[in-house]
Amino acid sequence: MLSIQKQILEKLGICSDLSLLRVVLDGIPPRRDSKLLIKDLKVDEVPLRIYQPKWPPTGKRRGILYFHGGAGTFGSIRTFERICRYIAKKCDSVVVSVGYRLAPEHPYPGQYFDCLNATLYFMRNLEEYHVDPALIIISGDSCGANFATVICQILLNKRDLPKVRAQVLLYPGLQGLDFHLPSYQQNASVPMLFRKLVIYFCFRYLNKEPSVLEDVLQNCHVPESMKQKYKKWISADIIPDEFKIRGYVPQKSASYKPEVHEAIKEILAITFSPLLAEDSIICQLPESYIVTCEFDVLRDDGLLYKKRLEDNGIQVTWYHSESGFHGILAFFGYGIFSFLSGKKIMDSTVNYINSL
């Protein structure tokens with residue numbers, strides 16, 4: 001159905017599915033904010049928008065990098081303008097929103113490099129923004145939280161840079177190994193992110209036709225040896241029982257198909273699936289804050305990463321939104337169109353940042 005809709009739009013000469021999404025989700029620009037100094041610049045062709053409170057700082061401020069969601073193919077700085085403004089003001093912090101270039105025009109894994117280059121620029125210019133090098137936070141939502149996770153892992157090898165104080169991950173997507181987890185089954189048809197849409201966007205992100213989408217949904221892309229290797233980290237058995245009450249029925253994966261693996265093997269790489277990183281990496285990561293939403297196919301990715309971090313001695317603050325759904329923060333700040341659950345997520349996030 002998704003492929004048919006895409007073909008109809010393109011044949012009519014209206015636009016591609018991604019072009020339509022980008023227009024719809026670009027957001028309505030908010031009014032000017034008298035309390036913030038907002039500056040746009042480019043670093044290695046990557047747009048950045050930097051938010052700084054106008055009032056005089058009492059000391060050096062926190063520095064927060066924010067990577068927006070959108071499956072790596074849509075979303076923008078403007079989409080998440082209200083979130084970044086809110087954090088900058090409520091946390092008295094400098095917020096850097098990164099407009100990484102989108103796939104498929106800017107091919108995978110270019111988004112990670114864009115986020116990394118933006119991070120390196122900021123970390124090497126903290127003095128200019130009056131930021132405390134001991135208070136750098138890397139954050140993001142959805143695939144942006146995936147980028148934040150990967151950047152934190154990469155920075156472990158950058159000994160010449162300040163150590164990241166915390167990673168803030170809002171309903172992150174962290175693995176492409178198992179699409180039979182309870183949250184994928186329970187929320188398969190829950191807006192805004194259907195189960196099939198996850199796989200579809202993976203293909204779009206990688207600039208490939210979703211010809212084997214149904215096979216990937218059945219985990220046919222994962223070799224048996226890989227399933228056995230990672231079942232200690234990614235398995236429905238690890239998910240707490242209270243998250244299986246809502247209609248979960250264990251399912252058996254279909255047999256491995258090498259041609260399906262070849263078609264989408266990128267989603268099994270550590271870059272795409274940072275939940276698969278070795279313990280030697282995980283144990284070095286900074287303190288973490290994770291938000292999960294009950295009505296989100298990606299809920300269990302967050303739960304599994306929380307457990308991995310805690311098992312490796314990393315302090316985790318976890319906020320679970322009982323009525324939240326994936327992408328709820330895209331509505332934040334839009335008055336009657338926003339959701340109370342989204343406001344609660346943002347207030348919890350702000351409280352966590354202010355506790356650092």
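Note that the structure is a prediction, hence the values are computed from the model and not measured. Along the sequence shown, residues are numbered consecutively beginning with 1.
The ring-ring contact (aromatic ring centres under 6.0 Å, His included) search around Y184 returns F179, not counting sequence neighbours. Every residue meeting the ring-ring contact (aromatic ring centres under 6.0 Å, His included) condition with Y129, not counting sequence neighbours, appears here in chain and number order: F122.
Using bins of under 30°, 30° to 60° and over 60° for the plane-to-plane angle, the ring pair Y230/W233 lands in the tilted bin. In this pair, Y205 and Y108 present their aromatic rings perpendicular. The plane angle is above 60°, beyond the 30 to 60° band.
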Stepwise side-chain hydrogen bond (donor to acceptor under 3.5 Å, both in side chains) check, Y256 with D215: CA-CA 9 Å; Y256 170 60; D215 287 321; over 6 Å; no
H106 vs Q111, test: side-chain hydrogen bond (donor to acceptor under 3.5 Å, both in side chains). Steps then yes/no. CA-CA 8 Å; H106 189 64; Q111 295 67 39; 5.2 Å; no
Using the rule given for side-chain hydrogen bond (donor to acceptor under 3.5 Å, both in side chains), can you reason through S93 versus Y51, listing the C-alpha separation, both sets of side-chain angles and the distance that settles it, and then say yes or no? CA-CA 8 Å; S93 299; Y51 306 83; over 6 Å; no
For a salt bridge (charged side-chain N to carboxylate O under 4.0 Å, His left out) check, start with the C-alpha distance between E209 and R204, then their side-chain angles and the critical distance, and finish with the verdict. CA-CA 7 Å; E209 285 299 317; R204 296 294 281 145; 5.3 Å; no
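No more than 12 heavy-atom neighbours from other residues, nucleotides or ligands sit within 6.0 angstrom of CD on E45. Heavy atoms of other residues, nucleotides or ligands lying less than 6.0 angstrom from NZ of K208 number more than 12. Sparse packing is recorded around NZ of K265, with 12 or fewer heavy atoms of other residues, nucleotides or ligands lying under 6.0 Å away.
Under the 6.0 Å cut-off for aromatic ring centres, H326 and F295 do not qualify, their centroids lying 6.0 Å or more apart.
In this structure, the side chains of V95 and I50 stay at 4.5 Å or more apart for every pair of heavy atoms. Taking the side chain as every heavy atom from C-beta outward, Y66 and V98 never approach each other to under 4.5 Å. Under the 4.5 Å side-chain criterion, counting only non-hydrogen atoms from C-beta, T317 is not in contact with S288. Using a 4.5 Å cut-off on side-chain heavy atoms (C-beta onward), L177 and I267 make no contact. For the pair I137/Q167, no side-chain contact is recorded, criterion being any heavy-atom separation below 4.5 Å from C-beta on. Looking only at side-chain heavy atoms (C-beta outward), D160 and R124 come within less than 4.5 Å of each other.
Note on K257 versus E262: no salt bridge recorded, every NZ/NE/NH1/NH2 to OD/OE distance being 4.0 Å or above. A salt bridge does not link E224 with K231: none of the charged nitrogens is closer than 4.0 Å to a carboxylate oxygen.
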Got a list of side-chain donor-acceptor pairs under 3.5 Å for residues 234-242, not counting sequence neighbours?
residue, atom, partner, partner atom, Å
S235, OG, D237, N, 3.1

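When only modelled atom types and interatomic distance are considered, Y100 and H68 share a side-chain donor-acceptor pair under 3.5 Å.
D141 places a side-chain N or O within donor-acceptor distance of the main-chain N or O of G69, the cut-off being under 3.5 Å.
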